[in-house]
Amino acid sequence: MTVSRRLFVTGATAVTALAVTGIPAVAAPAEAEDPRYRIPVSPDDTEADLVRKASQVRPTARQIAWQRLERTAFLHFGVNTFTGLEWGTGDEDPDVFQPTGLDTDQWAGALRDGGFQLAILTVKHHDGFVLHPSRYTDHTVASSSWRNGRGDVLRSFADSMRRHGLKVGVYISPADENQYLHGVYANGSARTTRTIPTLVEGDDRTPQESYSLPATDYGAHMLNHLYEVLTEYGPIDEVWFDGAQGRIPPDKVEKYDWDSWYTLVRSLTPDAVIAVSGPDVRWVGNEGGLAREDEWSVVPVQEKDYGRTDYALAYDAPDMGSRDALVAALPTADHLQWWPAECDVSIRDGWFYHADQQPKSVAQLTDIYFRSVGRNSVLLLNIPPDTDGLLPAADVVRLREFRERVDQELPEDLARGARVTASPGRVTVDLGKEREVDRVRLAEDTRHGQQVESFVVEAHVAGSWTEVTGAGTVGASRILLLAAPVRARRWRLRVTGARSAVRIMEFGLYRSRV
């Protein structure tokens, strides 16, 4: 991937750097944590103060790397796969778990061929059943007769993903129905200092370092489980938490030890993003895979429940980061934070496999792609393995068709190698001859924040500039579909509103082959 050149201009809505041939790799700085990823706000801040602070927020290196993945995969697999439930009870007989044909290489190959770069396995769902032998619970694969109690799905999964070039993520549900039944989860215990890992009888580990962290009884259980997963299965690239409480009496709430969990993850795997109940990545607010029309990565947040990063506005608010949203959030917001959106959705109706369900169509998946990746978000698509331990054949075919469709929607970038000029607030691309265009892809250089608030794209047609499309935010990725192809030699991006100096990294022009 080549970059034509860098152009520097000035102006209130200036485009101060430009690369028109795609998003080049960016070397991570020595420190993954940019202290500007989170800036405090005050009740006395004016709208101008809030906009200025928002313009100064910057992503960390791990957040930049995560957003460039674009398409990530979820794999919901566990006892629910065999009971037909979506939410388990915690008292399942582990012997129900019998994936006799388990082939995680088949998973990895299908995901790679589908265009995915990272996959997240449900190491533990709300039922508490664990997909690897754990020292801290008997509700695991080791209690099943599958593979004579020596099976380890997490080991197979992690090895296969890396063998096929995919990054590895783990989902460990904070809720645990099994530990509730055993009197550990939501037992009302006090937070006291716990030593992690907590060695058990017959434990042959000699940890190089232990951690003293405040936690409840269940919080310590989670810390010990996290320690196992993050120290025994190779590099982990994403740790995924939700905020589920489990189907327990409403007066039996477990207040999670988020601060201790975050500290342990950061200590053991500092390059991993923590999502979605975490400081690095937020849930977009729905399970349909759809981002907002204008999705901001800089949003107001508040800190709750022992350090949990939480929304200052409603999680499903239609506007999460505009000027109006920043002002509206001020009564509850503690900070403005770089907290980009992850859009989760399942390829089937359910999150776990059900034989009577079929995968979404290629058209549905493509629409989701444009409304997630095309709106400054990362798509997290769930593909649930079946009772044999395989990705269903229909889903495998659909993943390949989905990738092929996206490749057809965005084939050769016509702006690659084109002549580019820039002036305050404008970027002009000369294709050298008239070409039909019906897809436009834009990206800011988010190392310098997210600044664009509005823009238009124009084509020089019949001797004058004509607006063909426009929108609000850009961020790391904005894809616009034109209602009909437009034929022109010269194309122009004009920024009409911005918080600070704008740096455009990509101005791509495409003609769909669909």
Side-chain angles (χ1 to χ4, degrees), residues 1 21-23 25 66-76 103-120 160-161 163-167 169 288-291 342-349 353 357-386 390-416 435-443 476-486 506 508-514:
M1 192 176 292
T21 57
I23 304 177
W66 172 83
Q67 187 127 29
R68 289 187 177 170
L69 297 174
E70 293 195 356
R71 280 172 278 183
T72 58
F74 226 166
L75 296 155
H76 275 65
D103 185 352
T104 53
D105 278 324
Q106 185 251 8
W107 301 2
L111 295 177
R112 178 201 59 205
D113 293 346
F116 295 88
Q117 299 189 61
L118 177 147
I120 302 169
S160 292
M161 294 303 141
R163 193 156 46 240
H164 287 78
L166 278 75
K167 295 179 180 294
L290 307 179
E342 183 176 71
C343 297
D344 61 334
V345 64
S346 186
I347 196 170
R348 294 169 171 242
D349 291 340
Y353 172 78
Q357 296 179 357
Q358 294 299 314
K360 290 178 170 60
S361 68
V362 173
Q364 287 175 299
L365 292 174
T366 305
D367 179 63
I368 289 170
Y369 172 85
F370 284 125
R371 296 168 72 183
S372 56
V373 176
R375 292 180 177 175
N376 187 40
S377 302
V378 169
L379 171 60
L380 176 60
L381 181 65
N382 178 64
I383 309 97
D386 63 18
L390 299 171
L391 297 188
D395 298 35
V396 171
V397 170
R398 192 55 40 81
L399 291 177
R400 185 177 64 249
E401 293 173 338
F402 175 38
R403 177 178 184 167
E404 291 171 350
R405 174 64 178 269
V406 171
D407 290 345
Q408 291 170 350
E409 292 277 0
L410 298 168
E412 175 193 5
D413 181 1
L414 302 176
R416 183 182 297 273
R435 304 290 295 269
E436 280 195 344
V437 170
D438 61 1
R439 305 282 187 266
V440 178
R441 181 161 192 167
L442 305 170
S477 175
R478 188 68 190 238
I479 305 172
L480 300 170
L481 281 61
L482 306 189
V486 175
E506 181 178 9
L509 303 170
Y510 300 84
R511 176 63 168 97
S512 169
R513 294 173 182 164
V514 177

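Below, all heavy atoms of this structure are taken into account, side chains as well, without hydrogens, waters or symmetry copies.
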Next item on the list: State which residues pass side chain to side chain contact (heavy atoms under 4.5 Å, CB included) with Glu401; sequence neighbours excluded, sorted by chain then number.
Entry: Val362, Val397, Arg398

Next item on the list: Only counting residues at least two apart or in another chain, list the ones meeting side chain to side chain contact (heavy atoms under 4.5 Å, CB included) with Ser361.
Entry: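 Ser361 satisfies side chain to side chain contact (heavy atoms under 4.5 Å, CB included) with Ala363, Gln364 only.
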
Between the side chain of [X] and the main-chain N/O of [Y], is any donor-acceptor distance below 3.5 Å?
{"X": "Asp413", "Y": "Gly508", "result": "no"}
{"X": "Ser160", "Y": "Ala108", "result": "no"}
{"X": "Lys360", "Y": "Ser346", "result": "yes"}
{"X": "Gln117", "Y": "Leu69", "result": "yes"}
{"X": "Asn376", "Y": "Ala476", "result": "yes"}
{"X": "Arg403", "Y": "Arg112", "result": "yes"}
{"X": "Gln106", "Y": "Leu391", "result": "yes"}

Say you draw a straight line from [atom1] of [X] to [atom2] of [Y]; how long is it, rounded to the nearest 0.5 Å?
{"X": "Ser477", "Y": "Arg68", "atom1": "OG", "atom2": "CZ", "result": "11.5 Å"}
{"X": "Arg416", "Y": "Tyr510", "atom1": "CZ", "atom2": "OH", "result": "7.5 Å"}
{"X": "Gln67", "Y": "Glu342", "atom1": "CD", "atom2": "CD", "result": "10.5 Å"}
{"X": "Glu436", "Y": "Ser512", "atom1": "CD", "atom2": "OG", "result": "11.0 Å"}

So, for [X] and [Y], which heavy atoms are closest and what is the spacing to 0.1 Å?
{"X": "Arg375", "Y": "Arg478", "result": "CA-CD, 4.5 Å"}
{"X": "Ile383", "Y": "Ala73", "result": "CD1-CB, 4.0 Å"}
{"X": "Leu75", "Y": "Ala119", "result": "CD1-CB, 4.2 Å"}
{"X": "Glu409", "Y": "Arg439", "result": "OE1-NH2, 2.7 Å"}
{"X": "Gly289", "Y": "Val345", "result": "N-CB, 3.6 Å"}
{"X": "Arg441", "Y": "Val373", "result": "NH2-CG1, 4.0 Å"}

Heavy-atom distance under 4.5 Å between the side chains of [X] and [Y], does that happen here?
{"X": "Pro385", "Y": "Tyr353", "value": "no"}
{"X": "Val440", "Y": "Leu509", "value": "yes"}
{"X": "Ile368", "Y": "Leu290", "value": "yes"}
{"X": "Arg163", "Y": "Asp105", "value": "yes"}
{"X": "Asp407", "Y": "Arg513", "value": "no"}
{"X": "Leu399", "Y": "Leu111", "value": "yes"}
{"X": "Leu380", "Y": "Thr72", "value": "yes"}
{"X": "Leu381", "Y": "Leu365", "value": "yes"}

Checklist line | Those residues that, when tested against Arg371, pass side-chain hydrogen bond (donor to acceptor under 3.5 Å, both in side chains) (two or more places apart) | finding: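 So Arg371 forms a side-chain hydrogen bond (donor to acceptor under 3.5 Å, both in side chains) with Asp367.
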
Checklist line | Derivation and outcome, side chain to side chain contact (heavy atoms under 4.5 Å, CB included), residues Asp438 and Arg511 | finding: CA-CA 5 Å; Asp438 61 1; Arg511 176 63 168 97; 3.1 Å; yes

Next item on the list: Mind checking ring-ring contact (aromatic ring centres under 6.0 Å, His included) for Phe74 and listing every partner two or more places apart, or none if nothing turns up?
Entry: His76, Tyr171, Trp240

Check: Residues two or more places apart in sequence or in another chain: which of them pass ring-ring contact (aromatic ring centres under 6.0 Å, His included) with Trp107?
Finding: Phe77

Checklist line | Geometric class of the Phe402/Tyr369 ring pair [parallel <30°, tilted 30-60°, perpendicular >60°] | finding: perpendicular

Check: Glu404: what forms a salt bridge (Lys or Arg N to Asp or Glu O under 4.0 Å) with it, not counting sequence neighbours?
Finding: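 Scan of Glu404 (salt bridge (Lys or Arg N to Asp or Glu O under 4.0 Å), adjacent residues dropped) gives none.
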
Checklist line | Salt-bridge contact Asp395-Arg348 (side-chain N to carboxylate O under 4.0 Å) | finding: yes

